[in-house]
Every structure is written in C-alpha cells, then in structure tokens.
Amino acid sequence: MQATVLYGAGDVRFEDRADPVIVEPTDAVIRLPVTCICGSDLWPYRGIQPVASPAPMGHEYCGFVEEVGRDVTAVKPGQFVIGSFFASDNTCPHCRHGYQTSCQRFEPVVGAQAPRMRVPLAEGTLVATRDVPDTGMIPSLLALSDVMGTGWFAADAADVKPGVTVVVVGDGAVGLLGVLSAKQMGAERIIAMSRHQSRQTIAREFGATDIVTERGDEGVERIKQLTKGVGADSVLECVGTQESMLQAIKATRPGGYVGYVGVPHGVSLDGQQLFFSHVHLHGGPAPVRKYLPKLIDLVFNGTINPGKVFDLVLPLAQVAEGYRAMDERRAIKTLLQP
Ligand SMILES: [Zn+2]
C-alpha cells in the first residue's frame with residue numbers, strides 16, 4: 001500500500017510501505033474509509049518537534065475491522081470501530097480511573113494516514129458502533145478519535161456544567177469542538193477567542209454566544225469586561241503556547257477551572273502567579289476512550305455533527321497539500337480519502 005511518511009520539516013511523502021499485519025495477539029488491522037490530519041501533526045511538520053527518522057503519520061482513525069489477533073474478542077471482522085490516538089488496555093488502575101491515555105501499557109497509535117493500519121491493544125482500545133454507519137456520518141465518527149474527544153475532555157476538565165460562563169482559547173478544530181462540548185454540557189455563555197471570520201462562523205454554529213478577537217492581556221481585559229470584572233467559571237485552553245496558557249489562567253475567576261489540552265510547547269508557569277490565581281488546573285492528553293461510547297451515541301442520534309470541522313477534502317495521495325493548507329491556515333482540518 002501507499003501511506004504518509006514525514007521525513008523532516010515540510011517534507012511529507014506518500015510512498016510505498018508494507019501492508020499492516022497482526023504482530024501481537026492483541027492487535028487488530030482495520031481498513032480506513034477516510035482519514036485526516038491533526039493540528040498536532042503540524043508541530044513536527046513545522047520542525048518545532050524534531051523528526052529523528054522517517055515517521056509514519058496519522059493517529060486519528062475509524063473504519064472496518066479486517067482481522068484480529070487471537071486474544072481479541074470484543075471486536076470482530078466486518079464491524080465498524082473507532083479508537084483513541086493512544087492505545088490502552090482499559091483494565092489497569094489508571095484506565096479504570098478514566099485516564100486511559102496514562103494506561104500502564106499505553107502505546108501510541110501511528111500510521112493512520114493510510115488505507116489500512118494496525119491497532120495495538122485492540123480489545124481495550126476499539127469501540128464498535130451498533131450498526132455500520134451511513135457514509136455521511138463517518139467524518140463525525142472520525143472526529144471522535146481525537147479532536148472531538150479532546151474538546152470534550154477540555155470542557156470536562158474545566159468543570160463545565162449548566163449555567164456557567166465558558167471561555168475557549170484557540171479556534172482550531174479542538175477549540176471549536178470545545179465550544180460544541182461546552183454547549184452540550186449546558187454552558188449558558190460561551191466566549192470564543194478567534195480572529196478568523198470562517199472559524200468564528202463555525203464557533204457560533206456550535207454554540208458560541210460571544211467572540212473576542214483580542215489576544216494576550218488585551219484578550220484577558222476583554223473577558224473581564226464581558227464578565228463584570230469577575231472572569232470565567234471555566235476556561236478551555238486549546239493551543240499550548242505560553243501566551244495561550246497565561247491567557248487562559250488570567251481569564252479564569254478565582255476558584256474557576258482551566259482545562260488544558262493544547263500540547264505545551266515552551267510553556268513555563270510562575271509558582272507565585274499560580275498560587276495567587278486560585279484556579280484549578282487540569283489537562284493532558286484526552287482520555288478519549290472513556291468518552292467514545294457516549295460520543296458515538298450523540299453522533300448516531302444526530303445530536304452533534306463534529307465532522308463540520310473538516311473544511312478541506314483531498315484524495316489521500318495529495319496528503320502533502322493537506323499539510324500545507326493547514327500550516328498556512330487555509331484549512332481548519334483536512335479530510336483525506338484513500
Ligand atoms: Zn490501562
């Protein structure tokens with residue numbers, strides 16, 4: 001088969017690779033009807049995260065089970081499944097506490113920007129849908145594998161509940177789906193921080209009630225004005241830079257919550273500032289596996305349509321253009337068709 005490999009900054013190739021096979025008895029091999037590019041793939045693409053050797057790319061996936069190892073009984077060939085970007089056994093103490101991305105046996109999932117892939121720890125990682133979904137629903141199911149699950153975790157970690165005021169820092173796919181998640185959890189007011197017209201439009205469709213275009217301390221000032229000087233109850237940090245993290249902490253009221261899901265790059269926090277801010281901080285790689293059954297139901301019954309974040313569709317062979325479009329912010333998120 002042909003699949004996506006990153007050789008270094010800006011160097012994405014679509015080239016021949018061995019077909020995935022069952023290596024461990026706990027593996028599954030699945031066929032991917034669609035796949036996509038993640039905002040976090042841009043860190044190595046931009047050279048911010050070094051690439052030591054050619055890396056097979058892609059960690060978001062859903063598709064049809066083709067083959068399973070002898071220890072896998074929870075899913076069967078022919079079923080449609082979705083899994084998280086980290087594989088987990090779903091049985092260890094961390095998994096049982098709902099932190100499957102800290103699983104004691106965790107394995108990263110790689111190679112999803114391809115027509116087929118191997119999923120390790122398939123028994124604990126994959127969740128089958130009750131029926132084979134309609135084609136139109138598949139992009140929304142694909143989004144659950146990472147961006148939607150991550151936006152949901154950001155809102156959950158930020159303690160979003162009915163009636164609260166929420167701020168979302170970041171207007172990438174995760175931030176936009178953080179807006180959607182906060183709306184589902186009953187937030188009364190959702191302030192999206194965004195400078196881009198097309199993203200503001202989607203944020204409003206997903207439930208944003210206010211848009212703030214200012215950033216940094218000016219952005220914080222604007223949030224304070226909008227909340228009568230108090231700050232927000234819940235802030236979702238969906239970027240991972242020093243500026244965005246401080247913006248999130250400073251926009252939160254004393255006693256409020258920051259849910260942070262942007263992978264930190266160059267972030268360092270001052271102990272004194274943190275101490276006197278009085279905010280709860282909770283974040284990390286989203287335990288998507290915990291949320292999959294609920295989110296699959298919400299997609300199947302038509303309550304949410306997170307696939308709306310895909311605003312560019314390309315054949316998988318044009319994956320390099322998909323990266324360029326996201327890097328240049330011409331696209332929010334690229335859907336790829338094998
Ligand atoms: Zn585990």
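Every number for a ligand or one of its atoms is a count from 1 in the order of the listing.
Between Phe80 and Phe64, the ring planes lie perpendicular to each other; the angle is over 60°, past the 30° to 60° tilted range.
Closest approach between the Zn ion (ligand 1) and any N/O/S atom of Asp89 involves OD1.
Cys92 contributes SG and Cys103 contributes SG; the angle these two atoms make at the Zn ion (ligand 1) is 120°, rounded to 10°.
Residue His94: no N/O/S atom is found under 2.8 Å from the Zn ion (ligand 1).
A donor-acceptor contact closer than 3.5 angstrom links the side chains of Tyr7 and Glu15.
In this structure, His282 contributes its side chain and His280 its backbone to no donor-acceptor pair below 3.5 Å.
Judged by the 6.0 Å distance and 45° axis criteria, Lys290 is not positioned over the aromatic ring of Phe153.
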